[in-house]
Amino acid sequence: MYSSIIRTSVKMIASAFADAVTLGFTRYVDLQQLEEHNRELVIERAIERVRAEATGMRQSGDIGKLLLALRQSWSDVGLHVPTLGINVIDEEADLLSSYTMAPQPWENLRHFLIAQVASDGYLFRFHDLPLSLAHELNIALPGGQAELMTRDAQYAVLVQHLLGSDELPDVADGRPGLRVPFRYGGIWAWAAHGVVLGDGDLETGSLFADAITLGYTRYLDLLAAEKNARQQAIEAAVERVRGAALAMQSTDDLPQVAGVLKRQVDELIRDDCDITITYLDRQSGRCLGLRCVPNPRKLGLEWSGDGLHIIDDDLAAIVSEHTEDDSPSGGIIRRVHELWDHGQPEQGSEPVTAQVVELVEEQLASLGIDPEQARQTSFFLGEDWTEIHRVHVPFSSGMVGCRLPEHDGRVIPILQELTEALDLGFVRFLDFQRLEEQNRRQAIDNAAERVRSAAMSMASPSDLRNVAGMLFTEMRSLGIQTPRVS
């Protein structure tokens with residue numbers, strides 16, 4: 001009897017515990033499902049944030065904002081990767097490009113830096129890498145598999161290509177990362193030291209591939225539109241330069257042409273470029289140099305030297321004659337001949353040293369400008385310049401020069417197009433100049449013949465007065481101012 005009561009009690013207790021465990025487990029499953037649902041919502045919102053950033057792009061430069069949004073969205077879903085990017089392949093050109101978002105400006109790769117998007121967001125672009133590198137390292141294959149990776153010897157090879165180094169850099173530190181394929185290539189990311197990435201992180205990262213595809217598609221559309229608009233701007237600038245050159249009547253009009261050229265460079269490239277035009281007459285050897293500068297009067301600078309031609313309120317041109325000797329002036333003429341021989345633009349850089357500053361100050365002093373005043377206005381040399389990058393483009397009558405504070409890949413192709421337009425105008429100008437010289441020579445010959453005929457027809461000394469009068473008249477008709485002959 002007692003045993004029956006005990007068995008019944010145990011069953012009741014067991015049943016009660018079973019119900020409690022069932023209730024607890026059901027609640028656990030519900031909470032787990034709720035957490036999973038909440039995580040899915042968080043991920044969905046994060047993906048939507050990236051997709052919204054993609055559709056909201058207004059210019060190609062916004063790709064940096066897209067990568068920043070991806071990094072923040074990944075962080076929101078627990079995937080903390082301070083450095084990430086996208087690798088894009090171009091099968092037709094057989095090239096690979098990479099856009100990288102880093103938390104700091106890498107000094108050894110600073111020339112690849114294209115924008116600072118945030119206080120901890122620096123956008124780098126690496127382009128024109130061999131596509132074979134993508135296949136060797138499996139870093140940007142659209143049809144590949146999402147996978148975890150580490151900074152190993154393969155990563156060191158990639159960095160070696162980016163740096164253009166002969167030695168393999170010491171960057172194989174074992175840091176964890178991941179790569180995910182998308183339509184145009186691959187998304188990649190590196191986590192911080194000490195972070196462990198797993199299959200769940202890889203799966204989460206893969207969910208953003210479509211949003212990045214949308215963003216890069218938008219980027220390509222904007223890039224094409226910007227390229228078209230820029231080409232139209234270049235064509236308009238070319239026509240302005242050509243029109244100014246065609247309107248030249250004499251070399252006195254060169255400052256105006258230089259001013260037009262300077263303004264086009266300001267609009268198409270950057271407004272702190274220093275523009276020069278060197279004109280060298282192949283027959284006479286006469287060489288004129290023009291340097292476009294800010295109007296010193298607007299800057300409050302006193303100008304006591306010669307050769308300043310005011311273009312407008314903002315611009316002026318310094319015009320000087322160059323001679324073929326051992327001076328810097330002669331070096332300019334030699335450079336023109338070298339460019340003519342090579343037929344190609346040249347470029348080079350030099351650091352702004354104390355010697356360079358001293359030379360600039362001497363040039364300013366020779367022009368009658370107080371160097372100290374000029375330094376305060378950044379006249380001739382910007383105060384933040386650490387180097388001088390020079391580009392020279394030849395044309396049939398000389399060369400066009402551009403000086404700027406850093407290398408800019410846009411300079412040579414744009415300056416070539418503008419210089420070609422300038423050249424067409426110069427050809428027409430020189431044709432008119434030769435025709436004018438021929439007409440003038442003919443006018444001189446005709447005048448000399450009339451004076452000679454009058455002299456040959458003299459019958460007495462009293463006729464000398466008539467010859468002198470005719471000489472005076474002919475000289476005046478040729479534009480030669482003389483005192484009255486009596």
Side-chain angles (χ1 to χ4, degrees), residues 46 49-50 53-54 61-89 96-127 129 133-134 137-141 144 146-165 168-182 184-198 200-209 211-212 215-216 219:
R49 186 184 302 116
V50 176
E53 191 68 51
D62 289 341
I63 192 170
K65 296 180 181 178
L66 178 68
L67 291 179
L68 197 65
L70 177 63
R71 188 176 71 180
Q72 183 59 52
S73 296
W74 273 359
S75 178
D76 291 344
V77 298
L79 183 54
H80 302 290
V81 285
T83 305
L84 54 78
I86 56 174
N87 295 327
V88 181
I89 63 172
L96 164 70
S97 296
S98 180
Y99 299 85
T100 298
M101 178 60 61
Q104 68 276 327
W106 297 323
E107 289 301 325
N108 58 342
L109 296 173
R110 199 169 186 86
H111 53 292
F112 294 107
L113 178 65
I114 59 176
Q116 180 179 357
V117 185
S119 59
D120 61 345
Y122 295 84
L123 180 64
F124 294 81
R125 183 190 177 207
F126 310 95
H127 55 90
L129 297 172
L133 191 64
L137 305 181
N138 189 28
I139 57 176
L141 301 179
E147 57 184 343
L148 298 173
M149 58 182 181
T150 57
R151 283 191 177 180
D152 53 15
Q154 282 189 326
Y155 176 72
V157 171
L158 174 60
V159 175
Q160 181 184 21
H161 275 276
L162 297 179
L163 293 173
S165 173
L168 202 64
D170 184 20
V171 293
D173 55 12
R175 184 177 302 187
L178 58 83
R179 52 176 164 242
V180 174
F182 78 113
Y184 298 99
I187 309 167
W188 59 267
W190 294 114
H193 281 294
V195 174
V196 178
L197 297 180
D201 298 307
L202 188 62
E203 183 180 351
T204 299
S206 300
L207 297 175
F208 289 77
I212 294 300
Y216 196 75
Y219 165 77

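Every heavy atom of this structure was used, including side-chain atoms; hydrogens, water molecules and symmetry mates were not.
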Minimal non-hydrogen separation, S73 against A46, with atom names: OG-O, 3.3 Å

I need the minimum non-hydrogen distance between P82 and A192, along with the two atoms involved. CD-N, 3.9 Å

Please report the closest heavy-atom contact between W190 and P176, naming both atoms and the distance. CE3-O, 3.5 Å

Counting C-beta onward and ignoring hydrogens, is there a side-chain heavy-atom pair between R110 and F124 closer than 4.5 Å? no

Determine, stepwise, if the pair R125 / I63 fulfils side-chain contact (heavy atoms from CB on, under 4.5 Å). CA-CA 11 Å; R125 183 190 177 207; I63 192 170; over 6 Å; no

From CD1 (I212) to OH (Y184), nearest 0.5 Å: 12.5 Å

Measuring from atom CG of D152 to atom CG of D173, what distance do you get when rounded to the nearest 0.5 angstrom? 10.0 Å

On a heavy-atom basis, which atom in A146 and which in P181 lie closest, and how many Å separate them? N-CD, 3.7 Å

Any side-chain heavy-atom pair of L197 and L79 under 4.5 Å: yes

Under the criterion side-chain contact (heavy atoms from CB on, under 4.5 Å), I'd like the reasoning laid out for L70 against E53: C-alpha separation, chi angles, the key distance, then a yes or no. CA-CA 9 Å; L70 177 63; E53 191 68 51; over 6 Å; no

Is it the case that atom CD in E203 sees more than 12 heavy atoms from other parts of the structure closer than 6.0 Å? no

Rounded distance [0.5 Å steps], CG in L178 versus CG in L148: 6.5 Å

Can you tell if the side chain of T100 reaches within under 4.5 Å of the side chain of W188, non-hydrogen atoms only? yes

Do V117 and M101 have side chains that get closer than 4.5 Å, going by heavy atoms? yes

Any donor-acceptor N/O pair, R71 side chain to V81 backbone, under 3.5 Å: no

Closest approach of V180 and A209, non-hydrogen atoms and distance? CG1-CB, 4.3 Å

Taking the six-membered ring for Trp and the single ring otherwise, decide whether the centroids of F126 and F112 are under 6.0 Å apart. yes

Mind checking what makes ring pair (Phe, Tyr, Trp, His ring centres under 6.0 Å) contact with Y219, not counting sequence neighbours? Y99, Y216

Non-hydrogen side-chain atoms of L84 and I187 separated by less than 4.5 Å: no

Has the side chain of S206 got a donor or acceptor atom that lies under 3.5 Å from a matching backbone atom of L202? yes

What's the spacing between S97 OG and N87 CG if we round to 0.5 Å? 9.0 Å

When every non-hydrogen atom of M149 is compared with those of A189, the smallest separation belongs to CE-O, 4.0 Å

